[in-house]
Asks: 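Structure incoming, see below.
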Amino acid sequence: MFDYYLRLALSRCRQNVPMVLLLVLTMAIGIAACMTATTIFRALSGAPLPGVSPYLYVATMDAREEVDKDNPDYKRPDSLLRLADAKALVDVHRAVQQVAVAQSLTPLGDADGKKSEQAYGLMAYGLAVQALGVPLRYGRPWTEAEQAANAPVLVVDAHVAQKLFGTENAVGRSIMLGQRSFRVIGVSAPWKPRVQIFDLAQNAGSVMGQEENFFVPAQAALDAGVGPLISGECGKGAPVVSFQSASVAQCRWMETWVRLDMPSQVDGYGRFLAGYANAQHDAGRFAYPPQARLYGTRAWMALNHVVPDDVHLNLMLSGGFLLLCLVNVAGLLAARFLRRQGDVAIRRALGASKRDVFVQHLVETGLLGLIGGVLALPLTWLGLWIVRMQPVGYADAARFSPGVFAILFALSVGVGLLVGILPAWRVCRQPPALQIKIA
């Protein structure tokens, strides 16, 4: 029976091609606009580190001291801490895993000085590779003993290893980092958060995550003369800090991230964090009540507006535009179906039930929706390409994916069925005797 309904739907579509084109184009444009906005929103609002970031929390507090308490640009307790405070939070091991990190940008060179690569990376105190879920291809991460001894070791990604040594397995090789030679103990797969989550207080406007090409113990990097990409917030008595300077002893520049798997762990760590911060305030180190608080990754992203407001606005506007298209398509379908009331009445008089007529028209609207989805596919590609050409921080998020492809076709068929329900129901409820008499 379905084959019959499908052949009948194709025959009906061929009878009035202009009307069919108007229907499917209206549907395709609405779906393409909605899918373009949805693709970008999903790319930006998804988990930055799948499988890891849902359990990551960042510690925040007002850690200003007397030397920098009068700062008119300071708006709320943020995530930046001095290295000493970051070490204190990591060393107590109150979480499942804990690490303090700061981004860095510095040249990496081979031992001969013949090759060099400007690379982004993370300076870390704690077991960063394990805490952040960085996948290793070769070697191992550094140990707590190596970190305590300020051993010059680091983990690089496969891209850096390939460019400097011609092979991904660079374990045991030496890399010049700053003024010292570091030994490669591990090689990671290319790794980056989907969107930016580190140093958000200082990276306002940054959206897409940065690929991290190396991971190095923070103190070993400072000893080599390599500092953070952003010096953070420095006190009045601090020296003038230049780009990538290692003279950050009087600055707040590290973020402490902890992994907590259960709500009870979150509550417990929150109490510990508040106790630590209040103790520093009571001791006279922190000039203001610290207001210590933990933020989950998504809450931290929302607080710092990682997903730009215009992305939310575009999503709402595209949804409204799709709804408007559906209303127009429903009206066109109603007019199309009601013109065939005579044919429907004859079918009903010959024994067709309301259900048969209803299903027949739903098959036709589903077919129109499928055709609209086919036309929406190139329109979605076009919309994503237009976004990639724009000077916006999230342009790289406008990438088509198989998941979007599946959703697109499911949406197109679903839209066709949805807008066809009311017109199909209306036409099958018409009394057949009256229509036959008029005919």
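It should be emphasised that the depicted structure is a prediction, and the values quoted were computed from it without experimental measurement. Just the heavy atoms: all of them, side chains too, but no hydrogens, waters or symmetry mates, feed the values below.
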Asks: Check whether any side-chain heavy atom of Arg137 lies under 4.5 Å from a side-chain heavy atom of Glu168, and answer yes or no.
Replies: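 Side chain of Arg137 against side chain of Glu168, heavy atoms only: contact under 4.5 Å found.
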Asks: For Met262, does the CE atom have more than 12 heavy-atom neighbours from other residues, nucleotides or ligands under 6.0 Å away?
Replies: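 Atom CE in Met262 is not crowded, with 12 or fewer foreign heavy atoms closer than 6.0 Å.
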Asks: Begin from the C-alpha positions of Thr60 and Asp78 and carry the test side chain to side chain contact (heavy atoms under 4.5 Å, CB included) through to its verdict.
Replies: CA-CA 5 Å; Thr60 68; Asp78 59 34; 5.9 Å; no
Asks: Checking Trp142 side chain against Gly126 main chain: does a donor-acceptor pair fall under 3.5 Å?
Replies: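 Pair found, side chain donor or acceptor close to backbone of Gly126.
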Asks: So that I can tick it off, tell me whether Lys192 and Glu212 are bridged by a salt bridge, with the cut-off set at under 4.0 angstrom between side-chain N and carboxylate O.
Replies: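 Between Lys192 and Glu212 there is no salt bridge, as every charged N stays at least 4.0 Å from the carboxylate O atoms.
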Asks: Should Gln103 and Ile230 count as side-chain neighbours, where that means a heavy-atom distance under 4.5 Å?
Replies: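 They are not in side-chain contact.
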Asks: Take Val96 and Gln265 through the side chain to side chain contact (heavy atoms under 4.5 Å, CB included) test and state the conclusion after the steps.
Replies: CA-CA 9 Å; Val96 178; Gln265 294 174 344; 3.6 Å; yes
Asks: Please enumerate all residues that pass side-chain hydrogen bond (donor to acceptor under 3.5 Å, both in side chains) together with Arg259, with sequence neighbours excluded.
Replies: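 Testing Arg259 for side-chain hydrogen bond (donor to acceptor under 3.5 Å, both in side chains), a comparison that skips the adjacent residues, returns Asp261.
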Asks: As a quick check of understanding, evaluate side-chain hydrogen bond (donor to acceptor under 3.5 Å, both in side chains) for Tyr269 and Arg271, giving each step before the final call.
Replies: CA-CA 5 Å; Tyr269 195 90; Arg271 290 192 294 271; over 6 Å; no
Asks: Taking side chain as C-beta onward, heavy atoms only, is Ile31 less than 4.5 Å from Met27?
Replies: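 Yes, side chains in contact.
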Asks: Looking only at atom types and distance, does a side-chain atom of Ser104 sit under 3.5 Å from a main-chain N or O of Gly227, one as donor and one as acceptor?
Replies: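 Confirmed, Ser104 side chain pairs with Gly227 backbone.
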Asks: Does any N or O in the side chain of Thr297 come within less than 3.5 Å of the main-chain N or O of Leu56, such that one atom is a donor and the other an acceptor?
Replies: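 Present.
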Asks: Is there a donor-acceptor pair closer than 3.5 Å between any side-chain N or O of Asp85 and the backbone N or O of Leu81?
Replies: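 Pair absent, no side-chain N/O of Asp85 close to backbone of Leu81.
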Asks: Going by ring-ring contact (aromatic ring centres under 6.0 Å, His included), name the residues that satisfy it together with Phe215, two or more places apart in sequence or in a different chain.
Replies: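 Applying ring-ring contact (aromatic ring centres under 6.0 Å, His included) to Phe215 gives Trp191.
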Asks: Any ring-ring contact (aromatic ring centres under 6.0 Å, His included) pairs touching residues 44-63, not counting sequence neighbours?
Replies: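 Not a single pair qualifies under ring-ring contact (aromatic ring centres under 6.0 Å, His included).
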Asks: Quick check against the 3.5 Å criterion: does Gln390 have a side-chain atom that pairs as donor or acceptor with the backbone of Val387?
Replies: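 No, the answer is negative, given that no donor and acceptor are paired below the 3.5 Å cut-off.
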Asks: Could you give the side-chain donor-acceptor pairs of residues 156-167 under 3.5 Å, partners two or more places apart or in another chain?
Replies:
unit_1, atom_1, unit_2, atom_2, d
Asp157, OD1, His159, N, 3.4
Asp157, OD1, Val160, N, 3.0
Asp157, OD2, Asn213, ND2, 3.1
His159, ND1, Glu211, OE2, 3.0
Gln162, NE2, Gly166, O, 3.2
Lys163, NZ, Glu117, OE2, 3.3
Thr167, OG1, Asn169, N, 3.4

Asks: Closer than 3.5 angstrom, by distance alone: can the side chain of Glu255 be matched with the main-chain N or O of Asp199 as a donor-acceptor pair?
Replies: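 Looks like yes, one N/O pair under 3.5 Å.
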Asks: When you measure from the side chain of Arg194 to the backbone of Pro50, do you find a donor-acceptor pair of N or O atoms at a distance under 3.5 Å?
Replies: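 It does not hold such a pair.
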Asks: Within the 4.5 Å heavy-atom criterion, are Thr106 and Tyr120 side-chain neighbours or not?
Replies: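 Side chain of Thr106 against side chain of Tyr120, heavy atoms only: no contact under 4.5 Å found.
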Asks: Can you check whether Leu80 reaches Met254 side chain to side chain, under 4.5 Å on heavy atoms?
Replies: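 No, their side chains stay 4.5 Å or more apart.
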Asks: Yes or no on side chain to side chain contact (heavy atoms under 4.5 Å, CB included) for Leu89 and Phe272, after CA distance, side-chain angles and deciding distance?
Replies: CA-CA 9 Å; Leu89 294 178; Phe272 158 72; 4.0 Å; yes
Asks: Donor-acceptor pairs under 3.5 angstrom involving side-chain atoms of residues 321-331: please list them, not counting sequence neighbours.
Replies:
unit_1, atom_1, unit_2, atom_2, d
Asn328, ND2, Leu324, O, 2.8

Asks: Name every donor-acceptor pair, under 3.5 Å, that has one atom in a side chain of residues 33-43 and the other anywhere in the protein, sequence neighbours excluded.
Replies:
unit_1, atom_1, unit_2, atom_2, d
Thr36, OG1, Ala32, O, 2.8
Thr38, OG1, Cys34, O, 2.7
Thr39, OG1, Met35, O, 2.7

